[in-house]
Amino acid sequence: MASEAVKKILSAESVSNHKISQARQTADEIIMEAERYSAVAVQKKISQASGEVEKVRSDYMKKLDVYTKQADADCAGKITEIRLQAETNMNNAVNAVIREFF
């Protein structure tokens, strides 16, 4: 009778160890699958973020181009004004020198 109880205990331990092993295997599979899905999700988010970065960069480059052209136009206008003023001042100076000496 004692040996029968020992056999039942050993059998129960064997079944328990087998179930524990299966549970660990199932847990490992679930973790691996979750890791795969999370890696795919991370890659998707990185891809989306990269696309958004490119869009923002493109928008800023367009704005920079517009601002650069506007600044160039403003500078060209001011340079023209300064050049005209300098020519006027030069003519006035030459005329003043001529009037004074001749």
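The side-chain hydrogen bond (donor to acceptor under 3.5 Å, both in side chains) check on E13 picks up nothing, with sequence neighbours excluded. Partners of K69 by side-chain hydrogen bond (donor to acceptor under 3.5 Å, both in side chains), not counting sequence neighbours, listed by chain and number: D65. With sequence neighbours excluded, the residues satisfying side-chain contact (heavy atoms from CB on, under 4.5 Å) with L84 are T80, E87. Scored by the side-chain hydrogen bond (donor to acceptor under 3.5 Å, both in side chains) test, D74 finds Q70 as partners (sequence neighbours excluded). Annotation: side-chain contact (heavy atoms from CB on, under 4.5 Å) contacts of I31 (sequence neighbours excluded): E35. In this structure I30 satisfies the side-chain contact (heavy atoms from CB on, under 4.5 Å) test together with T26, sequence neighbours excluded. Legend: residues meeting side-chain hydrogen bond (donor to acceptor under 3.5 Å, both in side chains) with R57, ordered by chain and number and at least two apart, are E54. Residues that satisfy the salt bridge (charged side-chain N to carboxylate O under 4.0 Å, His left out) test with K19, not counting sequence neighbours, are absent from this structure. In this view, K45 satisfies the salt bridge (charged side-chain N to carboxylate O under 4.0 Å, His left out) rule with no residue, not counting sequence neighbours.
Summarising the geometry, atom NE2 belonging to H18 is positioned 11.0 Å from atom OG belonging to S16; distances are rounded to the nearest 0.5 Å. A distance of 9.5 Å separates OG of S50 from CD of Q43, quoted to the nearest 0.5 Å.
Contact of the K55 side chain with the D59 side chain is registered, since non-hydrogen atoms from C-beta on lie closer than 4.5 Å.
Here D28 does not pair with R24 in a salt bridge; the nearest charged N to carboxylate O distance is not below 4.0 Å.
A single hydrophobic cluster is seen to contain both V97 and V94, as judged by linkage of ILVMFWY side chains at heavy-atom distances under 4.5 Å, directly or through other members.
Y60 belongs to a hydrophobic cluster whose remaining members, ordered by chain and number, are V56; membership requires side-chain heavy atoms of ILVMFWY residues under 4.5 Å apart, directly or through intermediates. As a member of the Ile/Leu/Val/Met/Phe/Trp/Tyr network built from side-chain separations under 4.5 Å, V42 groups with I46.
For residues 89-102, every residue pair satisfying the side-chain hydrogen bond (donor to acceptor under 3.5 Å, both in side chains) rule, not counting sequence neighbours, is listed here: Q85-N89.
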